[in-house]
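A short write-up of the structure that comes next.
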Amino acid sequence: MDRTEGFGVYLDRTLKKVQASFLAAFSENNIDLTIEQWVILRRVHLLGVDASQAEISNTNFRNRATTSRVISGLCKKGFLNKSRFRDDQKRFKLVMTQEGEALMQRAMPLITEIRSMSTENISEEEFDIFLKVLDQIWENYDRYESNRSSST
């Protein structure tokens, strides 16, 4: 049997379990967010005053239209404000509102707890290897896609 057969099923199964755990914790704690919204809200929080829609789009592995739709949803919920940068009218600046900051403060302990639980019975070395393997698989597929597109 090919050792790679079915590894995508394991990745998909695990991702679905991770997402379900986060969504259940959000629901149980009245946190009105999807996983995609959380990822973007957290990224805006980390980037601070330099947060731009273009940078978020470039770093979240989603297309620009999806990123724009998720950001619009966060703005409608009152967690983000979107405006233009003063010195660059082509880029959208994203600023977390007070409501967004309060939500971030409520959500982070849950996120930390779930992340901590996820590595129980996994050594630091094993987890580092896991991340390295995931990165290498991503790079292999990226190279495969590049080779396919350059040959057409």
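For the numbers below, each heavy atom of this structure counts, side chains included, while hydrogens, waters and symmetry mates do not. What you see is a predicted model, and the numbers here were worked out from it, not measured in a lab.
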Without swapping roles, check the side chain of Ser118 against the backbone of Arg115 for a donor-acceptor pair under 3.5 Å. yes
Which side-chain N or O atoms in residues 8-16 pair as donor and acceptor under 3.5 Å with protein atoms at least two apart or in another chain?
unit_1 : atom_1 : unit_2 : atom_2 : d
Asp12  : OD1    : Lys16  : NZ     : 3.4
Asp12  : OD2    : Lys16  : NZ     : 2.7
Thr14  : OG1    : Tyr10  : O      : 2.8

Check whether any side-chain heavy atom of Phe79 sits under 4.5 Å from a side-chain heavy atom of Leu33, and report yes or no. yes
Report the relative orientation of the aromatic rings in Phe7 and Tyr141; use parallel for angles under 30°, tilted for 30 to 60°, perpendicular for over 60°. tilted
CZ-CD distance between Arg143 and Gln136, expressed to the nearest 0.5 angstrom: 6.5 Å
Tell me, do Arg62 and Arg69 make a side-chain contact under 4.5 Å, heavy atoms counted? no
With a cut-off of 3.5 Å and sequence neighbours excluded, list every side-chain donor-acceptor pair involving residues 122-130.
unit_1 : atom_1 : unit_2 : atom_2 : d
Ser123 : OG     : Glu126 : N      : 3.0
Ser123 : OG     : Glu126 : OE1    : 3.4
Glu126 : OE1    : Ser123 : N      : 2.8

What one should report as the nearest heavy-atom pair of Gly73 and Gln37 is C-NE2, 4.2 Å
Closest heavy-atom contact between Leu41 and Met96? O-CE, 3.3 Å
Side chains of Thr97 and Glu99: do they bring a donor and an acceptor to under 3.5 Å? yes
What residues, two or more places apart in sequence or in another chain, satisfy salt bridge (Lys or Arg N to Asp or Glu O under 4.0 Å) together with Asp32? Lys77
Side chains of Val70 and Trp38: closer than 4.5 Å at any heavy-atom pair? no
Any side-chain heavy atom of Met117 within less than 4.5 Å of one from Glu120? yes
Shortest non-hydrogen contact from Ile71 to Gln53? CD1-CG, 3.6 Å
State which residues pass salt bridge (Lys or Arg N to Asp or Glu O under 4.0 Å) with Arg43; sequence neighbours excluded, sorted by chain then number. Glu55
Say whether, by atom type as modelled, one donor and one acceptor occur between the side chain of Ser116 and the main chain of Thr112 under 3.5 angstrom. no
Heavy-atom closest pair (Ala25 atom, Ile114 atom, distance to 0.1 Å) is CB-CD1, 3.5 Å
Ser21: side chain to side chain donor-acceptor pair (under 3.5 Å) partners, not counting sequence neighbours: none
Sequence neighbours left out, what passes side chain to side chain donor-acceptor pair (under 3.5 Å) with Thr66? Give chain and number order. Asn63
